[in-house]
Each structure stands twice: as structure tokens, then as C-alpha cells.
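The structure under discussion appears below in the form of C-alpha cells.
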Amino acid sequence: MSRRAFDAEVALDLAVNLIPFLIILFFVVLFAAFNPWGFSLLESTLQFAILLLTAGLLALVTLIAARAIEGDEHTRRE
């Protein structure tokens with residue numbers, strides 16, 4: 001019988017990535033709502049690009065880790 005993709009055990013293993021992801025999203029919202037340095041097209045674009053690229057890479061690494069954990073024979077209990 002096959003297991004459901006990303007069950008509770010895998011979710012607990014990957015929960016450590018949730019905190020940095022939430023911190024990055026907090027700063028995206030904070031800098032969008034209140035920008036203490038003012039708005040400059042180049043600087044603001046770089047600022048948001050760095051934050052959003054980091055969040056995207058973290059999500060990608062989390063997905064790859066989830067698939068690796070899911071496919072590992074040592075973590076399967078059938």
C-alpha cells in the first residue's frame with residue numbers, strides 16, 4: 001500500500017524550513033509597507049529580488065528534501 005505524499009512524518013522533518021521562510025516573507029511585507037530608506041527603483045528592485053529569490057530557493061530546497069526523505073528506504077514503514 002502506498003503512502004500519501006508528504007505525510008505528517010515528512011512534514012515534521014521539513015518544519016524547520018518554515019521559520020526562515022516566514023522571516024523572509026515578513027521582511028518582504030515590511031519593506032513593501034514601510035520602506036525606511038525611501039523608494040529607489042534600482043535599490044528597491046535589488047532588495048526585493050534578493051528576498052524573493054532566497055524564499056524561492058528555500059522552497060525549492062524544501063521540496064527536493066521532501067522528495068529525498070519520501071524516497072529513502074530507511075524512513076519507510078509499510
Side-chain angles (χ1 to χ4, degrees):
M1 188 169 174
S2 67
R3 290 184 355 177
R4 228 179 53 206
F6 306 138
D7 60 0
E9 189 175 321
V10 174
L12 286 175
D13 289 339
L14 299 174
V16 296
N17 288 347
L18 182 64
I19 293 172
F21 192 73
L22 291 176
I23 290 171
I24 292 169
L25 291 181
F26 169 76
F27 280 108
V28 168
V29 171
L30 180 71
F31 290 143
F34 173 73
N35 196 344
W37 301 283
F39 181 79
S40 172
L41 185 61
L42 175 64
E43 293 158 352
S44 295
T45 302
L46 286 174
Q47 173 183 334
F48 284 109
I50 290 169
L51 285 171
L52 294 173
L53 182 66
T54 305
L57 288 174
L58 179 62
L60 179 67
V61 168
T62 303
L63 179 65
I64 292 170
R67 290 189 180 189
I69 292 170
E70 212 33 59
D72 188 16
E73 294 298 325
H74 296 292
T75 59
R76 289 185 187 228
R77 281 189 250 144
E78 297 195 39

State yes or no: do [X] and [Y] share one hydrophobic cluster built from I, L, V, M, F, W and Y residues joined by side-chain heavy-atom distances below 4.5 Å, directly or via other members?
X: I23; Y: V29; value: no
X: F26; Y: L51; value: yes
X: V28; Y: L60; value: no
X: F31; Y: L52; value: yes
X: F27; Y: I19; value: yes

To the nearest 0.5 angstrom, please state how far the CG atom of L18 sits from the CG atom of L25.
->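 Result: 9.5 Å between the selected atoms.
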
Can you measure from CD1 (I50) to CD1 (I24) and round to the nearest 0.5 angstrom?
->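 Here the interatomic distance stands at 11.5 Å.
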
Verify the neighbour count for atom CG of L57: are there more than 12 heavy atoms of other residues, nucleotides or ligands below 6.0 Å?
->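 Check passes, neighbour count above 12.
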
F48: ring-ring contact (aromatic ring centres under 6.0 Å, His included) partners, not counting sequence neighbours =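 By the ring-ring contact (aromatic ring centres under 6.0 Å, His included) rule, F48 matches no residue at all.
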
Nearest heavy-atom neighbours spanning F21 and A55 =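 The pair with the smallest heavy-atom distance is CE1-O, 3.5 Å.
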
Heavy-atom pair of closest approach, residues L58 and T62 |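 Reported closest heavy-atom pair: O-OG1, 2.7 Å.
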
